[in-house]
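Read the structure below first, then the notes.
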Amino acid sequence: LAKTTQPISMDSYEGQEVNITCSHNNIATNDYITWYQQFPSQGPRFIIQGYKTKVTNEVASLFIPADRKSSTLSLPRVSLSDTAVYYCLVGGNDMRFGAGTRLTVKP
Amino acid sequence: KAGVTQTPRYLIKTRGQQVTLSCSPISGHRSVSWYQQTPGQGLQFLFEYFSETQRNKGNFPGRFSGRQFSNSRSEMNVSTLELGDSALYLCASSLGGRDTDTQYFGPGTRLTVL
């Protein structure tokens with residue numbers, strides 16, 4: 001049983017804001033939510049992590065509603081170099097990567 | 001602070017051979033996890049080592065094994081290679097464990113089995 005569900009793919013244009021939502025209905029009380037970015041033939045790169053409400057860093061924001069059953073990664077003003085696969089992970093010993101969301105940014 | 005390093009970056013082997021991959025974690029990190037990534041199966045967890053002990057194991061055959069040394073460096077071994085073992089093998093290190101702390105990934109080792 002998949003622990004997280006994300007859209008398989010998304011398209012956007014340069015300069016737009018992109019929001020990727022992840023569903024995690026069975027999140028446990030102690031679980032954190034972490035997002036990674038991966039380019040072809042490279043290891044995943046940590047983007048952001050949060051537990052509840054909103055977290056912001058220099059590259060992204062993470063919105064988590066009160067029930068924590070979903071989370072939304074927000075990428076402001078994307079560029080062509082943001083084209084990658086984005087993974088949402090929920091913590092715990094059975095943590096596993098899902099299929100991720102393939103984001104394609106077009107000029 | 002240096003990131004996670006993996007050696008070699010690329011490897012070509014033939015069926016039936018064995019291979020050893022190496023991972024050096026970020027200094028101070030005690031947990032090393034290994035993953036296999038293929039186009040068909042995505043990123044799959046192999047195992048995690050913490051302070052030289054295997055803590056968790058994914059659903060892989062016994063041909064896949066690993067170990068961790070006292071300096072936290074880790075090696076992964078695959079014996080009797082099969083064509084389906086061709087993949088990108090990634091290791092990730094974290095301060096505590098993969099279930100509690102952020103994992104930082106290395107660049108991976110691309111293994112091709114002919």
Nearest non-hydrogen partners of B:L43 and A:P44, listed with the distance: CD1-CG, 3.9 Å
Closest approach of A:S41 to B:R110 (non-hydrogen atoms, all atoms of both residues): OG-NH2, 3.1 Å
B:F47, CZ: over 12 other non-hydrogen atoms inside 6.0 angstrom: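 Counting other residues, nucleotides and ligands, CZ of B:F47 exceeds 12 neighbours.
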Flag if over 12 foreign heavy atoms under 6.0 Å of CZ, B:R63: yes
Aromatic ring pairing B:Y104/A:F46, orientation class (parallel under 30°, perpendicular over 60°, tilted between): tilted
B:T102 side, atom OG1; A:I48 side, atom CD1 - distance, nearest 0.5 Å: 11.0 Å
Rounded distance (nearest 0.5 Å) linking atom CD of A:Q49 with atom CD of B:Q103: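 The CD atom of A:Q49 sits 10.0 Å away from the CD atom of B:Q103.
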Options B:P107, B:G42, B:A92, ranked by heavy-atom pairs under 4.5 Å with chain A, top entry: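 It is B:P107.
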Linking I/L/V/M/F/W/Y whenever their side-chain heavy atoms sit closer than 4.5 Å, directly or via other members, would [X] and [Y] fall into one cluster?
X: A:I64; Y: A:Y86; value: yes
X: A:V55; Y: A:W35; value: yes
X: B:Y35; Y: B:L46; value: no
X: B:V4; Y: A:F39; value: no

Heavy-atom proximity to chain A below 4.5 Å, by part of B:Q6: neither
